[in-house]
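Side-chain atoms are counted along with the backbone in the values below, which use heavy atoms only and exclude waters and symmetry mates.
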Amino acid sequence: FPSHDSEQSTATSVVEAVQKLGNLNARSTNGGPLGILSTIDMRGFGASARDNTLILVDGVRVSPVDSSSIRWESIPLDSVDRIEIIHGGGSVQFGERAVGGVINIITKTSESNSYASVQLGSYGTALFNSRLVSKVDRLATQVNFNADTTDGWRDNSQSKQAALRGLFTYALSGGDKVFVDTVFSTQKYGTPGGVLGEVNQGNRRAAKFNNIDDKTITNSSRTVFGLQHTLSHDLVLLGEFAYSDSGQTQYTPNSTTTVKQLKYTKNSFDLTPRIKKTFSSKSYGIIGVDLQRAEADYSTNTGNRQNASVDNAAIYVTYQQKFDNRLLFNGGARRQTQEADAYDKNSGTVTTASKKQSANAFDLGLSYFYGSDLQSKVFLRGNQSYRFANTDEYWGLASDYVTREFKGILRPQTAITYEFGGTLKLSTHSDLSATLFQINSKDEIRYCVSASCNYGNNVNSPDIRRNGITFGMRHQPLPKVLLQPSITYQVSEYTAGEFSGKEIPIAPKLLASVHASYHVARDIRHRLSVNYVGDQYYEGDETNTLKKIPAYTTIDVGSQLKKSKWVFDFAVKNLTNERYATFGGYGFVSLTASTSGNSYYYYPGDPRTFWLGARYAFD
């Protein structure tokens, strides 16, 4: 969807815009308007959703090598030009983790206007964003800066973050170009922890006793060097070299263990050259190589240390052919090999391990376009996607359910996806889309919550099947009114093993949304966003015998006024002050400073908040 769609969503972060406009399930263990520790779930992956949805920025992956969250603060919403949501497996083109889908965030170019904006919200929240662009001869420069702060509505949920990005593009002859894209981001936030009990029991605002005064500080950077060079009239070379690093320190002064400080550092080198060959005006192919060297290191104040490194090498080819403007064929294949090494020092005992494994992906699709303007289509698609274990998934919990312990390097998971659907253009003001899908996964990497698989380990799960159907519509009943309803029904369940026939927790069956905008006048717009998430099993309830996290509906409203170079916004989020939770679980937790046991717990969603914003375009 384009940037003007995000304007009518009342979103304050990229992850919120993706969730609402894409009708996707999102959850956060931190809450708040900044999107910290947020996860997007595409097609019902539940607790492993973060590792099965690939996030790209301008086509370059930003999903980390471990299971940590995306650094959403480095992607301010005002910098986004459009967001591409690609449902289903995409490993052929994008590599591992593109199992449930791919989210490609396309940022604005240096041809966009310079601007500065500020948003003020409830609970001491302030968001500042700016962009400065210039062009001198062939050099185009863009500098983005954003800084956000909030006191948070829960105890110990205060957050501060900032990011500085520079994009420098030099135009060569014949449409060729080279560019450097670099970003530095910093973040400091408190972690209030879960609330003990079923959803809406207990004090929703209070921090959990052993999370009081917890804080996390993270600094990260990413630099991408890119090239586009025409080798001949039908041959183009494209490629990127990217380096990213991150250093995180987590302070846990009230932890019930001797671990009071954790340090986590990681870095990654990525090289992604590819050649695009145009065979005719209706066909082209791409052959590419992806190379990566990544490392992650975890250490505690007690002297324990875990280190993992991976070397990934992949080759892939894709091909697209169009026949008589109506029939489109897409196909491709990829093979990736990974060499993984692990080092574990635990209470003076050192363990090492190495493993070399490979995984394959393929993709075949047919689309048929019809109608007088060929704007309607039906499609059929089948593909295989995969992912390797993250660097921190080599470790699980020891018998004390607290200490990290090396468990081994898991097999890569694979998933075969079938899709059938299409879009129907009903009129110049209305179109409808629908997709049926099924995902059959094998060796899916999940966290074990059962005694039979040694609780606390990451394991290769028995087979899982996901079936679903999605509907979407874009309808303009009146010249000044736009409606965008969407609905998804999905069922995720085990098809083998001890939980065969049971549903995957944290994977609601029903998602629905309606977004509407009304242009009262050319420069005045009102907005409405309604999002519904159905009930779902608590994480840990693999037997489906406990109570469920209740369904919830949130309503956001807003208005926008454009005046010359100014844009003013007012919004109310969660208008009805719905009491809800996006995530909850049942399992072994610390109940007090001296007792522990099994209990429900949840992370409450944000209450009603008010927003005022202003933006000024300099040119």
Side-chain angles (χ1 to χ4, degrees), residues 54-66 68 70-71 74-75 90-98 102-107 165-170 172 176-185 220-231 235-246 265-277 284-297 307-318 332-341 354-361 363 385-391 412:
L54 181 63
I55 309 298
L56 311 173
V57 173
D58 296 325
V60 178
R61 63 168 55 224
V62 294
S63 292
V65 298
D66 63 348
S68 61
I70 299 296
R71 299 301 304 275
S74 67
I75 322 167
S91 287
V92 169
Q93 184 175 356
F94 303 109
E96 66 158 330
R97 295 204 193 187
V102 178
I103 298 171
N104 189 15
I105 302 164
I106 310 298
T107 61
R165 178 199 183 199
L167 174 61
F168 308 93
T169 305
Y170 188 80
L172 304 172
D176 293 349
K177 66 177 180 179
V178 293
F179 70 87
V180 178
D181 187 357
T182 184
V183 59
F184 171 79
S185 61
S220 66
S221 67
R222 179 172 61 94
T223 301
V224 181
F225 300 90
L227 166 71
Q228 178 179 314
H229 176 57
T230 301
L231 301 174
L235 210 60
V236 178
L237 170 66
L238 304 103
E240 298 86 24
F241 172 75
Y243 171 75
S244 62
D245 63 49
S246 176
T265 61
K266 53 197 172 187
N267 61 74
S268 172
F269 295 88
D270 295 84
L271 181 64
T272 55
R274 57 200 179 277
I275 292 178
K276 180 178 179 180
K277 166 72 172 178
Y284 69 87
I286 296 175
I287 183 169
V289 175
D290 290 351
L291 303 173
Q292 181 190 63
R293 167 73 179 182
E295 183 175 11
D297 189 272
N307 175 275
S309 62
V310 293
D311 290 281
N312 291 302
I315 183 170
Y316 66 95
V317 59
T318 64
R334 171 186 286 256
R335 181 172 177 81
Q336 178 172 334
T337 298
Q338 181 183 91
E339 295 185 30
D341 295 283
S354 298
K355 199 169 189 178
K356 183 176 181 179
Q357 303 179 95
S358 297
N360 301 317
D363 198 344
S385 53
Y386 63 86
R387 89 167 177 99
F388 291 89
N390 301 328
T391 53

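In this structure, the side chains of Ile275 and Leu235 come closer than 4.5 Å at one or more pairs of heavy atoms. For the pair Leu237/Leu227, a side-chain contact is recorded, criterion being any heavy-atom separation below 4.5 Å from C-beta on. Using a 4.5 Å heavy-atom threshold, the side chains of Val178 and Phe225 count as separate. Side-chain atoms of Arg61 and Leu56, non-hydrogen and from C-beta on, do get closer than 4.5 Å to each other. Between Ser354 and Glu339, the closest side-chain pair of non-hydrogen atoms is not below 4.5 Å. Using a 4.5 Å heavy-atom cutoff, the side chains of Val65 and Gln292 are in contact. Side-chain atoms of Lys266 and Ser68, non-hydrogen and from C-beta on, do get closer than 4.5 Å to each other.
In this structure, Thr318 contributes its side chain and Gly332 its backbone to no donor-acceptor pair below 3.5 Å. Under a 3.5 Å cut-off, the side chain of Glu96 and the backbone N or O of Phe388 do form a donor-acceptor pair. A donor-acceptor pair under 3.5 Å is formed between the side chain of Ser63 and the backbone N or O of Ile55. In terms of modelled atom types and a separation under 3.5 Å, the side chain of Asp66 and the main chain of Thr391 share no donor-acceptor contact. Remark: side-chain polar atoms of Asn104 are paired, donor with acceptor, to backbone N or O of Gly59 under 3.5 angstrom.
Residues Leu167 and Phe179 approach most closely at CD1-CD1, 4.2 Å, considering heavy atoms. Tyr243 and Asn267 get closest at one heavy-atom pair: OH-CB, 3.9 Å. In terms of heavy atoms, Ala314 sits closest to Arg334 at CB-NH1, 3.4 Å. Closest heavy-atom contact between Val317 and Val92: O-CG1, 4.0 Å. Contact record, Ser358 with Thr337: OG-OG1, 2.9 Å, taken as the closest heavy-atom pair.
At a cut-off of 3.5 Å, with distance as the only test, a side-chain donor of Arg71 or Ser220 sits close to an acceptor on the other residue. Checking Ser268 against Asp270 by side-chain atom types alone, a donor-acceptor pair falls below 3.5 Å. Residues Asn307 and Asp297 bring a donor and an acceptor atom of their side chains to less than 3.5 Å of each other. When only modelled atom types and interatomic distance are considered, Thr272 and Asp290 share no side-chain donor-acceptor pair under 3.5 Å.
Here the OH atom belonging to Tyr386 is positioned 9.5 Å from the CD atom belonging to Gln338, to the nearest 0.5 angstrom. For the atom pair Gln228 CD and Leu238 CG, the distance stands at 5.0 Å (nearest 0.5 Å). Ile287 CD1 to Lys277 NZ: the interatomic distance, rounded to the nearest 0.5 Å, is 13.0 Å. Distance check, rounded to the nearest 0.5 Å: CG of Asp245 to CD of Glu295 gives 12.0 Å. The CZ atom of Phe184 sits 11.5 Å away from the OG atom of Ser74 when rounded to the nearest 0.5 Å. Interatomic distance, CG of Asn312 versus CZ of Arg293, reported as 10.5 Å (0.5 Å rounding).
Surrounding NZ of Lys177 are at most 12 heavy atoms belonging to other residues, nucleotides or ligands under 6.0 Å away.
A salt bridge is absent between Asp58 and Arg222: the closest approach of a Lys/Arg side-chain nitrogen to an acidic carboxylate oxygen does not fall below 4.0 angstrom. One finds a salt bridge joining Arg274 and Glu240 here, because a Lys/Arg side-chain nitrogen approaches an Asp/Glu carboxylate oxygen to under 4.0 Å.
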> For Phe269 and Leu291, what are the C-alpha separation, side-chain angles and deciding distance, and is it a side-chain contact (heavy atoms from CB on, under 4.5 Å)?
Replying inline: CA-CA 8 Å; Phe269 295 88; Leu291 303 173; over 6 Å; no

